[in-house]
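So the structure is just underneath, and the comments pick up after that.
Here the structure is a predicted model, which is why all the values come from computation and not from measurement. First the proteins, then the strands, lettered A, B, ... as listed; each starts at 1.
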Amino acid sequence: MTQKGRGMVNNRYSRQELFPQIGIEGQQKIRKKHVLIIGAGALGTGSAENLVRAGIGKITIVDRDYVEYSNLQRQQLYTESDAIERIPKAVAAEKRLRNVNSEITINGLVLDVTHEELEQLVVGVDLIIDGTDNFDTRLLINDTALKFNIPWIYGACVSSYGLSYTIIPGKSPCLNCLLETVPMGGATCDTAGIISPVVQMVVAYQTTEALKLLVEDYDALRNKLVCFDLWKNEHTAIKVDGVKKSTCPSCGTNPEYPFLTYERQMKSTVLCGRNTVQIRSHQGQERDLEELATTLRRQEGTVERNPYLVSYTLSPHRLVFFKDGRVLIHGTNDITEAKTLYHRLLG
Amino acid sequence: MELILNGKKTELPDSVNTITLLINYCKLKKKVVIVELNGSIIEKNDHEGTSIEDGDQIELVHFVGGG
Ligand SMILES: [Zn+2]
């Protein structure tokens, strides 16, 4: 194709512009917006693809993990080669998304968001989409979004059940109002399983609300907490405005943003349902992967590496080292055991 | 007793006669659940003391963490 067929001359958004609630004017607004997607798992990849195809001016997608075979059933941006090569999700997602739409700005970032990072990431962001798989990160997003007055869209799913809610600072109740406490444990996709149409349904709710916000059609917002079970044929949407509390520490009259103030994020975390411990080093230095691979090759066990990570298998454990200093230790839920292994290898 | 639970006609044992008992019955005890009874949200502190009757329309929305 010649240069003439590219860029502004094409009609790639024509069907969306024909939709009167968006129109040419809406499309121009969308072109100037920046959406931050936290998590590039099932929900994050689904939202990212929809929004990239819709022509959002700038998309940033952040993830801490790498692609595995068990992701391919529902995480729509990834391929078998991403799983074989253990490509970080943010890298694989960015590459695929750029192939889908080369006319917008797309950034994939390999990192585990803490409150400091999130406060930097949200600068200039118009909307945050929840693509995470845990309540800790969601409450962090919630506090950050409220502090910086940015709307965000909660979405979650497990099994054949999913739900979504749009949080507008100053208007709707926030996630902390709705939850009151941080739910512990419970079913995850790794323990209870999940079918992909549920992901698509949550993504459809999230990205439709996103489009409404991005074209500034605020009257069209759903204003309800929606949930459904696709297998049981149930569908519910309820008004939760009354749940908003003036005493809420996140969105009340005197907000303290508890999930930003306290250092709730530990240096080591057990990844729920995954038989994996994550250890984070706070030195703020990039890990030299080449040097690490050389060190590990002198030990027993198998070393594999790609430009983004080093994977070291010493049965029954597998350790995956990222450039940003994090290590995932698969094959244990025991932080002490994981740390022992880590220190035995790296001192 | 028969009521409409999440839009579906549901038969419940008569012993399940409060919101708390209904949440337990639906195996949602460990979850954060938002309850709407006949169009009004029932606050968490009132779950125990709120009884349910034949013909009630109840929506239970529970939060999950997956994604
Ligand atoms: Zn709140």
field: Separation between CD of A/Glu234 and CD of B/Glu59, rounded to the nearest 0.5 Å
entry: 9.5 Å
query: Which distance, rounded to the nearest 0.5 Å, do you find between the NZ of A/Lys232 and the NZ of B/Lys8?
result: 8.0 Å
- prompt: Looking at CG of B/Leu60 and SG of A/Cys227, how far apart are the two atoms once the value is rounded to the nearest 0.5 Å?
  reply: 8.5 Å
message: Looking at A/Glu180, is its backbone amide N or carbonyl O close enough to the side chain of B/Lys44 to form a donor-acceptor pair, meaning the two atoms are under 3.5 Å apart?
response: no
task: Give a yes or no on whether A/Gln73 atom CD has more than 12 heavy-atom contacts from other residues, nucleotides or ligands under 6.0 Å away.
output: yes
message: Can you give me the closest heavy-atom contact between B/Glu43 and A/Lys245, atom names plus distance?
response: OE1-CE, 4.3 Å
field: Residue, of A/Asn134, A/Leu225, A/Val199, that accumulates the most heavy atom pairs under 4.5 Å with chain B
entry: A/Leu225
- prompt: Do you know which two heavy atoms are closest between B/Val64 and A/Leu163, and how far apart they sit?
  reply: CG2-CD2, 3.7 Å
field: Geometric class of the B/Phe63/A/Tyr154 ring pair [parallel <30°, tilted 30-60°, perpendicular >60°]
entry: tilted
field: A/Ile238, part contacting chain B, at a heavy-atom distance under 4.5 Å
entry: both
- prompt: Can you tell me how far CD1 of B/Ile34 sits from CG of A/Leu178, rounded to the nearest 0.5 angstrom?
  reply: 5.0 Å
message: For A/Ala156 versus B/Gly65, what's the shortest heavy-atom pair and its separation?
response: CB-C, 4.5 Å
